[in-house]
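All values reported here derive from a predicted model rather than from experimental measurement. Counting from 1, the numbers follow the sequence of the chain as shown.
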Amino acid sequence: MLRGFRRCCPNCGRGQLFDGYLKVNKTCAVCGQELYHHRADDGPAYLTILIVGHLMAPLIHIVFTQFRPDPWVMATGFTIFCVALSLYLLPRLKGVVVAIQWARRMHGFGAPA
């Protein structure tokens, strides 16, 4: 899972997992592991929403009750922080999902039965 979070090949940990922002490479350039089997689908997006939402809700409450900023200042600040955190977490969580599938030999990563 840590290799996936670092966006590295789950097999060797040295090759790049992604070709771009979210497009998974077909194979690892270092070890040759086939990566096209993955079925990440909407899982990384749901995990990103879950994590960002659970971080933002208490932060919004704390900032509002302690500092009482103007609504526009608070909305702008939290919007920027929320989008930035989402953009940071999304490829990393997709890497985690692909790494879990590789580790559990799901969706064609394992040997044929």
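When all heavy atoms of L59 and F78 are compared, the closest pair comes out as O-CZ, 3.7 Å. T79 and A75 make their closest contact through OG1-O, 2.6 Å (heavy atoms, listed as atom of the first residue, atom of the second, distance). The heavy-atom pair separating Q101 from H107 by the smallest distance is CD-CD2, 3.7 Å.
Seen from the ring of W102, R105 counts as a face-on cation partner, given the 6.0 Å and 45° thresholds.
Interatomic distance, I80 CD1 to L85 CG, rounded to the nearest 0.5 Å: 13.5 Å. Once rounded to the nearest 0.5 Å, the distance linking NE2 of H61 with CE of M56 reads 14.5 Å. The OG1 atom of T48 sits 4.5 Å away from atom CG of L93, with the distance rounded to the nearest 0.5 Å. We find the SG-CD1 distance between C82 and I60 to be 7.5 Å, quoted to the nearest 0.5 Å.
With sequence neighbours left out, H37 forms a ring-ring contact (aromatic ring centres under 6.0 Å, His included) with F109.
V83 and Y88 fall into different hydrophobic clusters, where Ile, Leu, Val, Met, Phe, Trp and Tyr are joined by side-chain heavy atoms under 4.5 Å apart, directly or via other members. Both L47 and L89 are members of a single hydrophobic cluster when ILVMFWY side chains are connected at heavy-atom separations under 4.5 Å. Grouping the Ile, Leu, Val, Met, Phe, Trp and Tyr side chains by contacts below 4.5 angstrom, directly or via other members, places F64 with V52. Y36 is not connected to V97 by any chain of hydrophobic side-chain contacts under 4.5 Å among Ile, Leu, Val, Met, Phe, Trp and Tyr, and they are in different clusters. No path of Ile, Leu, Val, Met, Phe, Trp and Tyr side chains, each step under 4.5 Å between heavy atoms, connects L90 with I51, placing them in separate hydrophobic clusters.
Inter-residue side-chain proximity for M74 and D70 is flagged as unmet; no heavy-atom pair is nearer than 4.5 Å. Contact of the L35 side chain with the K26 side chain is not registered, since no non-hydrogen atoms from C-beta on lie closer than 4.5 Å.
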Can H38 and K94 be said to form a side-chain contact (heavy atoms from CB on, under 4.5 Å), step by step?
CA-CA 10 Å; H38 79 90; K94 184 169 184 176; 4.1 Å; yes
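Side-chain N or O atoms of T76 include none that pairs as donor or acceptor with a backbone N or O of V73 at under 3.5 Å.
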In residues 2-23, what donor-acceptor pairs under 3.5 Å come from side-chain atoms, sequence neighbours left out?
residue: R3; atom: NH1; partner: P10; partner atom: O; Å: 3.1
residue: R3; atom: NH1; partner: N11; partner atom: O; Å: 2.8
residue: Y21; atom: OH; partner: L87; partner atom: O; Å: 2.6

